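Everything numeric in this text was worked out from a predicted model, so none of it was measured.
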Amino acid sequence: MLNVIDEFTHECLAIRVARKLKAVDVIDVLSDLFILRGVPGHIRSDNGPEFVAKAVQAWITGVGAKTAYIAPGSPWENGYVESFNARLRDELLNGEIFYTLKEAQIVIESWRCHDNTVRPHASLGYRPPTPEVFMPAYTA
């Protein structure tokens, strides 16, 4: 899984689920997000092979962002993502058995949407990052 988190809003922007993730998958996810939300100033990541690949580094530089790699063996430098990954494992992955890749993608995407819109986050004053909003229809 490739988890993309906005450190400021604590919103999970994307979770890419695949049997194997390569540099092209990282570029695909990030390009979709950059089109929708704009190019961020920095992208923080670990030193996994899909992020240190020359193609990804060149692409990130080409779109005008900078990389902020965490030091190897220093998960505290990426604390929010580590916390998110622990919640994902505790709340979903430890209790599920996925029989197909498609099933995993659907269930994990459903959990991501719930985490963003319903689940309270202690770091946000027990509010979700992007709460669902009900707008009543105007009556004439």
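Atom-to-atom distance recorded for Leu93:CG and Ile108:CD1 is 5.5 Å, nearest 0.5 angstrom. Distance check, rounded to the nearest 0.5 Å: CD of Gln105 to CZ of Arg112 gives 13.0 Å. Note: Ser110 OG to Asp115 CG = 11.0 Å, rounded to the nearest 0.5 Å. Interatomic distance, Cys12 SG to Arg119 CZ, rounded to the nearest 0.5 Å: 12.0 Å. If you take CZ on Arg44 and CD1 on Ile5, they are separated by 13.0 Å, rounding to the nearest 0.5 Å. Taken from CG in Asn3 to CG in Asn85, the straight-line distance is 5.0 Å, to the nearest 0.5 Å.
Here the closest non-hydrogen pair linking Pro128 and Thr117 is CG-O, 3.4 Å. Of all heavy-atom pairs between Arg87 and Tyr80, the closest is NH2-OH, 3.6 Å. Residues Pro40 and Ala65 share a closest heavy-atom pair of O-CB, 3.4 Å.
Using a distance-only test at 3.5 Å, with no hydrogens or angles considered, no donor-acceptor pair links the side chain of Thr9 to the main chain of Pro129. Using modelled atom types, no side-chain atom of Ser83 and backbone atom of Gly79 make a donor-acceptor pair closer than 3.5 Å. Looking only at distances, a side-chain donor or acceptor of Asp25 sits under 3.5 Å from a matching main-chain atom of Lys22.
Shown here is Ile97, whose CD1 atom has no more than 12 heavy atoms of other residues, nucleotides or ligands within 6.0 Å.
Cluster annotation: Val4 is connected to Val63 through the hydrophobic network of ILVMFWY side chains, with a link wherever side-chain heavy atoms come within less than 4.5 Å. Hydrophobic clustering places Leu101 together with Leu92 (ILVMFWY residues linked when any side-chain heavy atoms are closer than 4.5 Å, directly or through intermediates). Leu30 and Ile70 fall into different hydrophobic clusters, where Ile, Leu, Val, Met, Phe, Trp and Tyr side chains are chained together by heavy-atom contacts under 4.5 Å. Cluster annotation: Val17 and Leu2 are assigned to distinct hydrophobic clusters (Ile/Leu/Val/Met/Phe/Trp/Tyr, side-chain heavy-atom contacts under 4.5 Å, transitive). Linking ILVMFWY side-chain heavy atoms closer than 4.5 Å, directly or via other members, places Trp111 and Val81 in a single hydrophobic cluster.
Asp28 has a carboxylate O that lies under 4.0 Å from a charged side-chain N of Arg16, or vice versa, which qualifies the two as a salt bridge.
Looking only at side-chain heavy atoms (C-beta outward), His121 and Phe84 stay at 4.5 Å or farther from each other. Looking at heavy atoms from C-beta onward, Glu11 lies in side-chain contact with Arg37 at the 4.5 angstrom threshold.
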